Each structure stands twice: as structure tokens, then as C-alpha cells.
Amino acid sequence: MSAPIKVIDPETLPKHFEAREVEARLHERWDRLGVYAHDPARPRDETFVVDTPPPTVSGSLHVGHVFSYTHTDVLARYHRMRGQNVFYPMGWDDNGLPTERRVQNHFHVRCDPRAPHEPDLKLAPATAAEAKQPPRLVSRPNFIDLCLELTHQDEEAFKNLWRRIGLSVDWSLEYSTIDPRCRHLAQLSFRDLFEKGHVYSVEAPTMWDVDFQTAVAQAEVEDRPTRGAFHDVAFGVEGGGEFTIATTRPELLPACVAVTAHPSDARYRHLFGKTARTPLFHVPVPIFASELVDPEKGTGILMVCTFGDATDVVWWREQKLPLRQIIGRDGRLVAVQFGSDAFPSRDPEAANTRYAQIARKGVGGARQAIVEMLRDATTDSTGTGTAPLRAEPKPIEHAVKYFEKGDRPLEFISTRQWFVRLLDKKEQLLAIGDEIRWHPDFMRLRYRNWTENLNVDWCVSRQRYFGVPFPVWYPLDADAQPDYDHPIVAAAATMPVDPTVDLPPGYGADQRDQAGGFTAEADVYDTWFTSSLTPQIASGWVLDPNRHARRFPADIRPQSHEIIRTWAFYTIAKAWLHEHTMPWKHVVISGWILDPDRKKMSKSKGNVVTPMHLLDEYTSDGCRYWAASARLGTDTAFDEKVLKVGKRLVTKLYNAGKFVLAQAGPHAPIDVELDRAFVERLRQLVTRVTKAFDAFDYAHALQDTESFFWHDFTDTYLELVKHRARDDAGGSAIAGLRLGLRVLLRLFAPVLPYVTDEVWSWVFAEETDTPSIHRAPWPTLEELSTIAAPADATCFDVAVACLATINKAKSEAGVSPGRGVAQLTLAASSETLRQLATVERDVLASARVERHDLATDDALAAGTFEVRKAEYVAPVEA
RNA sequence: GGGCGGUUAGCUCAGCGGCAGAGCAUCGGCCUUACAAGCCGAGGGUCGCUGGUUCGAAACCAGCACCGCCCACCA
């Protein structure tokens, strides 16, 4: 007789799964055991590196966070159980405009890079009274300290959520994108790009947000349908004649530098090469032909201004037109003098009088004023005596470019900016994108599409404060003018630097901003300049070459699809520019959570669902179940029904675990045909689920495991064998149940880390010497190979079919499935009855059949049964 | 305007050449010795439309419609 197996006494366990208590207890245990710590010494090929998205902490918690971060965690947990050394860091993206705005309001401060640094500055949140006063000006280092202070609170909120939903990150690897190490790496990145000739600064027309007063990059720009109007405005032609252009931006008339039409347009062909004269300002401008003009649009002839849109910039460059910049950095019209070299006019006096009416106005006000003037017949400059505005404005809706965080249309303003040269590397960037595996694969096309259509280099300088500063100074000449062609880039060893505080090599503090001295570059990086280094931030890159070799490129980059053009693209670009490699092998794209009307959840729409109450109500495992039910790349409508199903599954696992592990008996082999047939099915499940996980398809892995657990395991196998399990000869059944549970818990563990580890801890932790299921080996066929295959695996299906037939008969007779059957006559084909023989005892015991006989009927289809006669025992009196 | 994804039961979604599926919801039956947070049953479909390929199409091909997303040059 073998020694008895270890069992639990279910009476000593809580009746229900107490999620909060279990979650708290397991957090403590996981920390104590170091379950999620990675081993820095293990080699690259045993390591699974996750390039975790650092969330923007100044945003609010969102059910979408639970969704996408769970996807990553499920994959990390799977690979950990496969024995890999999982490297799963967590960072916080705290630099950038959202945080700046929050800090400005919270402390009522503004950053002024010229303000003196106050090393001991401590501020309290601004009171209502203080907020009415002018904001306090603080230095950039002070401003960064305030940002750090505030974002720390936000980071705690995120950290709580991450722990609560059970992210298996190694918290010793925590970072934030503004911390000294990230600043250091971002500046090293700049220096490397500078040395390789991949960055340049240039004064050129750049997309500019007039509210934030900073340049923005192509990736941060979005088109929004905006109402406007075509204004038909008559221009004169020097030497006689006139034509009518159509414009949506009449306020730019003073900035007009040329006129153009399509070369094949017969209406205007005679004008090419002549000189037009603008109305109101009497500016002579050339008329040229351009293929870029659409003859169908407007009047087919248009004015080129500096700058109305991106095409104006193209024409300005190609035709080498003069610069007449009238929109200032604040979006208002600057003062200009007609009759000067820059602003010639055939009638400077009239031009200046008219311009005086729009100077200092915003774009909208200037537009209104100009249109008024154009309506006035006395402003006629074509000699016809009619007003230049030849028709009432025709309202249209057209696409206008906005900064994604901005409220007013972008302007093209000529400013000096730093760029990363990317346009000449499209081929390489496309090639590397094709080497990376995208999940789902069609997301690759978003990357291709973006890369192919890229039309300006990456503008990386921002005229903001809370960001990583450029490690750059410029020499000042004898007239205190900066020499932009010879920037002084900080030495790697001195980084991170703040050029507004630190000194360039060879200069003294007294030479700052003095003729013959130096001046600091005041700009900071685009936040993506740092975020695009997350794989290198985690690996250490040049700061830790050994570690970098073991952690880079990463295995997976999880992210959502709307930032393929920013985060994915820039990260690929950086890895290529620095090391001619891919930053990661796989990109896994989570979809969005949509509200029930299939609209994206967003703060501005007010349809955001916050996660905490869901975790309370449905448990963390239940919420993870919901998240893991959605396939990669698929947008999913938020549906609480799925959370309920998750919670039910958690409860069922808990109860099934209690029942199975309470069945006492000796150690015994699995040697009964039905048990072996069950194990055979289990083997097939393990094969399928493993294959799905290897393809990052956690959703199908979960679905498969769940349906097996619920249908094959609890409703079928467990029901079929539980009577035998209580017999003296029940050893094989108990062993089969325990093996089934031991395998299923592990297949569920990546998705349901709490309930599985709790049930695991009762018996299996000791039995297998693995204190946590999350370090237990993933189930394999080798592990199941000691159990012999059944002689005929179909006996399982035959048992299921037979039991279902009896159950149906009971249901049709209005009899409880638990009611005994005193006498049953069961018919089936001779072959089916032969198959039934090995499982007959379990089936009839499960159906509570007391006496039965079998009738052979070869007219019945194989594998089907018929109840010919049934006498049910009397119900038990209450 | 270009590209991508979707359209399957009342709802949320699987299925992607071989009998149209799951969960929820609905209806009926059961307080059965693990679990009523449960169990046993039942009903419910022109697989968006039109054509084609095929012995066979929800699936493959072509076209169309609608929904959503990404991108595009604001005259």
C-alpha cells in the first residue's frame, strides 16, 4: 500500500475566494520569494526582454491601461514559466507638455530659463488667492524638481494599479524618462547622432503651435476638418489685365510672394512670367507655373504666401522666393514696413496705412479686417472700379493641420530647429521594419505607410522647459551673435548637463551670453527623443555595454496602434541610426477599448471607465480575464458581461481546486482507460495552448483552456469519475483529477495569477517543490509521457454521449439529473456498446443508474445512444 | 483621395474550404453530497449584398454597401 497523498480539508479554507485578501497575501509572498526578479547573469538566449511602455503619468487611470498592460504581463508570465529569464522593467513617461501644464496650474509657476536657480526651493500647491497673482518664475532645474515632485504622486497611483492587476514587473528596474540616467542616455544619443552626422540645425519654416509656442514634428500633427471659406480676390497684372485667385487665408495677403497656376491651364497660360500686383498692398509678385496646382480647385490660380501651408513652403524653396513672415510666434501679425527691401510696394503709403489696421491682430481678427478692406471698391487696384473681393466668401469644410494637443491651426514659421535626418534613410527604415515581426501582421502596413509618406525630417527641438535639454552651447562672436555652425556639444563624461547652468569646456561663468563668450541652447528635446530609447534605457546601452549585450534588442515591444508613427517609428529609427539594428524582434499591438457606442474612450468625450471599482467588483483575475479575452490588434467594446464571466471562472477554479484536492487516497498510477483517455485530451490541449502562446495568441490559448476546463474537466471528467474516486479503487481517478488540475492551473496561470497560485499553494507547491506557480515549469508532453496512452481514446466521447443521452431523458421526463434510475434500457450499435464497455461503470454511476440492460441496435449512428426505457426512483421526501 | 480592419444568434465575439459555434441574455427543469457565484436541457441564424471559383464557400476571388481606424497638399 502506497503512502496517502497530501490532501486539504476544505472546511479549513474560506467558503468563497476572498480576492482582496489573497491578492494582498500573494503580493507579499511574491516579493519575499523574488518570483519576478530577473537574473542579470543569465545569457541573452535564455532571456525574454520586454520593452515596456512607460505610461504618461499625468494622464488619468483608464480601463484601457488594465487592458493593454495585462496583455504584456500574460506574455511575460508565459515565458517565465517556460523557464526564460524574464526582463520586465517599468518606467514612467513624465516629461513633456501634459506634465508642464499640470505643474504650472498646481504650483502656479512658469518656467523662465533665465531665472536664477534656487537650490532649496520648496513650494506648496497654489491657493486660490495665490492663483490670482502673477505666476512665480522659476529656473529650469527648479521647474524640473517641481515636475518630479508632482509626477511622483501620479507614479504612485499607477504603481498601485500595476501591482493590483498583478503585473509581474521587476520593480528594481523602475525608471522615469526625466531621471538623471534617462537624461544622460538621451544626451548621449544626441551626441552619437551628432558625431555620425545624423542631426543638424537649420533656420527654416517649421510647423509651429502658436499657443504652446513651440515647433512640432510631423508625427504630432493631425488633420482636423475645419470650416473656412474661399475668398475670390482680384489681382492686377503689371502691363495690363487682371485675374482672380481663390484663398482661404486672405489675412496672408501682405505675405504674398508669388502667384501660380497649372502649366496646362489655358485660362492663365498667358500670365506666366509676368508680374502680378497684390490688392491693398500693391506688391509686385511673379507669376509662375506649377504642376502642384489643381486647376479644379478654387479659381485654378492662387497666391503663394510665406506661409499659408506646406505647399507654400515647397514653392518658396523651389522658386527661391523672398521671405515675408507676418505671423509671429504668438500667432499675431508682426509689425512690418512696406517700402522696405523685405516688403516692397508700388504704393508704400497705402500699404502701410492698411497694414496698420491688422498689425498685432490675431489671425481671425486680421482676416476679418482684410476682408472688410477687400470689399471696399475704393481699394480697387485693377483699374475696373470694383472691389477686389469679387464674390461673397464660399463656405467650405477642409482639412487643416493642428498639433495633436493644440487648439488652433498650426502656422509655418521660420525658426531655427534641430532635426534628425530621416528622409534619406527611408529604404533602410522600411527594410528593418520588415525584419521585425508584427502581431497582428497587418499592423506592419501602418508602419510602411507612415515611413513611405514621411516628408520632413524629425524636428526634435521644442521651445519648452520640462524636457531633456540639448547638451549644446554656441560660441558668441564679437557682436554677441551665436555661431550656429559650430555648436559645442558636451563631452560624454560630463553628461547629463543643463547648458543653462553648466559651462561648456574652456569657458568661464562670466562669459555666459557675453560677446566672445558662449550662450546655451535653450531648447529641450521632443519627448519622443527620449521615449524612443526605452530599449536602450532598460539595457543601459553605452553606460553598461555588458548588460546591453544581454538585453538588446528586446524580444517584444507591446504598444497600441495609434502610436506606430511615433513610438514604434522613432524607436526603430534610433536603433538603426545608433547601431544599425532592430530595437526588438516582435511588436505586439493591443487594440483600443471602445465605449458601448464603439467610440474610443477619451477624457474629452467623458466616456472613460476607470478601473479601480472593476477590480473591486470582479477581482483582479476577473479583469485580467476580460483583457486577455481580446485578440491582439482588435478594438473591443467595453462589456461588463465578460468581466462577470471572468469572475465566475475564478470562483469555479477555486471550488474545483478545493474538491479535487480534498479527495483522499493512496499514491496510485493512472491505469484506467477513461482516465488515460482524459490525459490524452489533456496532452492535445497542452500542445494547442502552447502553440497559441508561442504565437502571442493568448486570447485563443485562454479560450481553449477555459472551454476545456469548464466542459471537459468539471462538467464531464469530474462528474464521470467522482463516484469512483470515493471507492477503494479510486486511485487512478484521483490521480487523473489531480493531474488535470495541476496542468490546467498552469495553463491559466499567465492570465489568472492570483487564484491559480492560491490553489497551487495548497498541495502542489510542496509536491513539486515550486513555491509559486509562476516559477513552475510550463506543462509539456514530456511531463505527461509517463501516462500510457489509452487503447481507444474515443471512449471519452462515448462516455460523454451516453451520459448526455441519459441526462436528456431525465430532463424530458422532468426529473432531476441527480435522481436515481431504478431500471434503464439503453440502446446503441454493437460497435458503440463495445466502446462503452470500458467506461460503462463510470457513466452509469454518474447517472445514478441502479440496474440496466443494453440493447443492440445497429440502425443507430455510431457513437449515439437511445434511452428505450427508464424507471426513476422516487424523489427523497423533504 | 490612398491604405488597413470589420460586418456571423437579441448582445459580445470565435470559426477562415467539409454538419453554423461559445459565453451572456431568453425559455423549461433541478436546492443532485465540490461549486445556486451551481447543474441538466431547449429555442434562437438568408454568416452585409451581388457575382465567380469549387464536388462543396461563412471562409477563396472580384465588385458593391455600411461601420471604424490610419494616412494625405490648409490654395
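Just so we're on the same page: letters track the sequence lines, and every chain starts at 1. These numbers were taken from a predicted model, which means no experiment stands behind them.
Residue A/T248 places its side chain closer to B/C74 than to any other of B/C73, B/C74, B/C39.
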Between the protein and nucleotides 15-22 of chain B, which nitrogen or oxygen pairs are less than 3.5 angstrom apart?
unit_1	atom_1	unit_2	atom_2	d
B/G15	OP1	A/H700	NE2	3.1

Nucleotide N/O to protein N/O under 3.5 Å, stretch nucleotides 60-63 of chain B:
none

Distances under 3.5 Å only, N/O to N/O: pair up the protein atoms with those of nucleotides 25-33 of chain B.
unit_1	atom_1	unit_2	atom_2	d
B/G28	N2	A/S811	OG	3.4
B/C30	O2'	A/S816	OG	2.9

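Stem analysis of RNA chain B (Watson-Crick or G-U pairs, both distances under 3.5 Å, runs of at least three) returns B:1-7 with B:65-71, B:10-13 with B:21-24, B:26-30 with B:38-42, B:48-52 with B:60-64.
Applying the ring-ring contact (aromatic ring centres under 6.0 Å, His included) test to pairs two or more places apart or on separate chains, none has a residue in residues 246-265 of chain A. Screening residues 8-17 of chain A for salt bridge (Lys or Arg N to Asp or Glu O under 4.0 Å), with sequence neighbours left out, gives no hits. Applying the salt bridge (Lys or Arg N to Asp or Glu O under 4.0 Å) test to pairs two or more places apart or on separate chains, those with a residue in residues 394-404 of chain A are A/D223-A/K401, A/D232-A/K394. The salt bridge (Lys or Arg N to Asp or Glu O under 4.0 Å) contacts involving residues 292-309 of chain A comprise nothing, where partners must be two or more places apart or lie in separate chains.
Residue-level contact check: A/K652 touches the bases, meaning some heavy atom is under 4.0 Å from a base atom. Within the nucleic acid shown, A/A637 comes within 4.0 Å of sugar-phosphate atoms alone, with no base atom in reach, counting heavy atoms only. A/D715 comes within 4.0 angstrom of the backbone, heavy atoms only, and of no base.
No more than 12 heavy atoms of other residues, nucleotides or ligands lie within 6.0 Å of CZ in A/R437, so this atom counts as exposed by the packing criterion.
For the segment residues 10-20 of chain A, residues with any heavy atom less than 4.0 angstrom from an atom of RNA chain B are, sorted by number, A/H16.
For A/Q319, the side-chain contact (heavy atoms from CB on, under 4.5 Å) partners two or more places apart in sequence, or in a different chain, are A/F288, A/L321. Remark: A/T248 pairs with A/F230, A/I396, A/H398 by the side-chain contact (heavy atoms from CB on, under 4.5 Å) rule, at least two apart or across chains.
Side-chain atoms of A/W315 and A/T260 form no donor-acceptor pair, as typed in the model, at a separation below 3.5 Å. At a cut-off of 3.5 Å, with distance as the only test, a side-chain donor of A/E562 or A/W592 sits close to an acceptor on the other residue. Side-chain contact, A/Q325 with A/S414: no donor N or O sits under 3.5 Å from an acceptor N or O.
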Using a cut-off of 4.0 Å between protein heavy atoms and nucleotide atoms, how would you tag nucleotides 65-72 of chain B 5' to 3' with B, S and -? ---SSSSB
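Here the two rings, on A/W626 and A/Y618, have centers that are 6.0 Å apart or farther. A distance below 6.0 Å separates the ring centres of A/W762 and A/Y654.
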